[in-house]
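Step one of this worksheet: look at the structure below.
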Amino acid sequence: MTTAITGATGQLGRLITQKLKDKLPADQIVALVRSPEKAANLGVTARTFDYDRPETLAPALAGVDTLLLISGSEVGKRGPQHAAVIAAAKQAGVGRIVYTSLLRADTTPLSLGIEHSETERAILASGIPHTILRNGWYVENYASGVAAALAHGALIGAAGDGRIAAAARADYADAAVAVLTGPGHDGKTYELAGDTAFTLTDLAAELSRQTGRDIPYNNLSATNYAAALAGTGLPAPVADMLAGWDVDTSNGALFDDNGQLSKLIGHPTTSLADGVKALIG
């Protein structure tokens, strides 16, 4: 029984591949990557798998029983990329797809939800047995914001008092491994988020506690936050997109308290204190 992982050299993909090797023989794991040479240190078979070269997809899926489709990183291109992967999986006779989606993908106000929801519908239409992992926010998403806060003495954003049920990338990797290696997950959609939600004020307070410095959270308008992000060199459309996500956060887009993630992985999710400790090194 072969399990293949797309994006296996990415941050989440590497974690999942490493953790999966604790559960499955390495010769039953395939890394699907654009550049196999970058996967040499994973200790598993690597096959060329390039979303932008559809001819590489079905051949790379030959003999694959379960496919973990980790959502692509190119926002705006993921819909057609994922559709091509799903079509290739059907052509290759893949028996099951597990997909890393977004928390409440079908109802979220986050613009990210559009492509995830499209992908979920494409998987359903394919008729391939599947499990949907709707991942919430990663604590690591705040790495650049924390670095800037340490450099400038304040954390900035436009999320107001919005509560963020984030978990560490490792927690979501554990969830993927649990579903890939355990029974009873076919046809299920899991809404995954951290056990304890925090605001950006809470994040700044924890950052202050751990560094012994006074690092406040300064809440900005979406316009001013986007301008600040653009001032760091981000392209204006990206800055506007990130600021918009913060506004959605202020309205509850990243809050969840159903506890499905910790139930699925069998342990509490990473605490804010541990998450911040990892971010500041």
Exercise for review: For E120 and S101, test the side chains for any donor-to-acceptor distance below 3.5 angstrom and give the result as yes or no.
Suggested key: yes
Exercise for review: Let me see the working for L67 and T6 under side chain to side chain contact (heavy atoms under 4.5 Å, CB included), right down to the final yes or no.
Suggested key: CA-CA 8 Å; L67 171 65; T6 71; 3.8 Å; yes
Review point. Given the rule in the side chain to side chain contact (heavy atoms under 4.5 Å, CB included) test, do D174 and K19 qualify, once you have shown the distances and angles that lead to the verdict?
Key: CA-CA 7 Å; D174 285 343; K19 290 173 178 287; 2.9 Å; yes
Exercise for review: Look at the side chain of S35 and the backbone N and O of K38, then say whether any donor-acceptor pair between them is shorter than 3.5 Å.
Suggested key: no
**Study point:** Pair S208-D214, side-chain donor/acceptor within less than 3.5 Å
**Key:** no
Revision key, fill the gap. Output for pair (Q210 CD, E206 CD), nearest 0.5 Å, gives 4.5 Å
Practice item. List the steps and the verdict of side chain to side chain contact (heavy atoms under 4.5 Å, CB included) for F49 and V85. Key: CA-CA 9 Å; F49 195 83; V85 173; 3.9 Å; yes
Review point. For A105, does its backbone N or O pair with a side-chain atom of T108 as donor and acceptor, under 3.5 Å?
Key: no
Exercise for review: May I ask you to decide if G72's main-chain N or O and H82's side chain share a donor-acceptor pair within less than 3.5 Å?
Suggested key: yes
Exercise for review: State plainly whether the residues R104 and D256 are in salt-bridge range, i.e. N to O under 4.0 Å.
Suggested key: yes
Exercise for review: Please determine if R96 and D65 form a salt bridge, counting it only when a charged side-chain N lies under 4.0 Å from a carboxylate O.
Suggested key: no
Practice item. Please work out which of the three classes, parallel, tilted or perpendicular, describes the rings of H116 and Y99, given edges at 30° and 60°. Key: tilted
Review point. D240 side chain to A226 main-chain N or O, any donor-acceptor pair under 3.5 Å?
Key: no
**Study point:** Candidates Q260, H185, R134 - the one meeting side-chain hydrogen bond (donor to acceptor under 3.5 Å, both in side chains) with Y190
**Key:** H185
**Study point:** Side-chain (S117) to main-chain (G113) donor-acceptor, under 3.5 angstrom
**Key:** no
Review point. So, E74 and R34, do they make that salt bridge, N to O below 4.0 Å?
Key: yes
Review point. Is K21 reaching over with its side chain to a backbone N or O of I29, donor-acceptor style, under 3.5 angstrom?
Key: no
**Study point:** Stepwise side chain to side chain contact (heavy atoms under 4.5 Å, CB included) check, Y225 with I156
**Key:** CA-CA 7 Å; Y225 183 41; I156 64 171; 3.9 Å; yes
Check your understanding: Regarding R169 and N141, is there a side-chain donor-to-acceptor distance under 3.5 Å anywhere?
Key -> no
Study note, to complete from the structure: In this structure, CG of L103 is separated from CZ of F255 (nearest 0.5 Å) by 10.5 Å
Review point. Of L279, D202, V276, which is the lone residue that meets side chain to side chain contact (heavy atoms under 4.5 Å, CB included) with L207?
Key: V276
Point to revise | Donor-acceptor under 3.5 Å (D248 side chain, A253 main chain) | key: no
Point to revise | Heavy atoms from other residues, nucleotides or ligands near CG of D161 exceed 12 (cutoff 6.0 Å) | key: no
Point to revise | Donor-acceptor contact below 3.5 Å, side chain T100 vs main chain L133 | key: no
**Study point:** Straight-line distance of T119 OG1 to E115 CD, nearest 0.5 Å
**Key:** 7.0 Å
Practice item. Salt-bridge test for R163 and D257: reply yes if a basic N is under 4.0 Å from a carboxylate O, no otherwise. Key: no
Practice item. Tell me whether I97 is reachable from V177 by hopping between hydrophobic residues (I, L, V, M, F, W, Y) whose side-chain heavy atoms are closer than 4.5 Å. Key: no
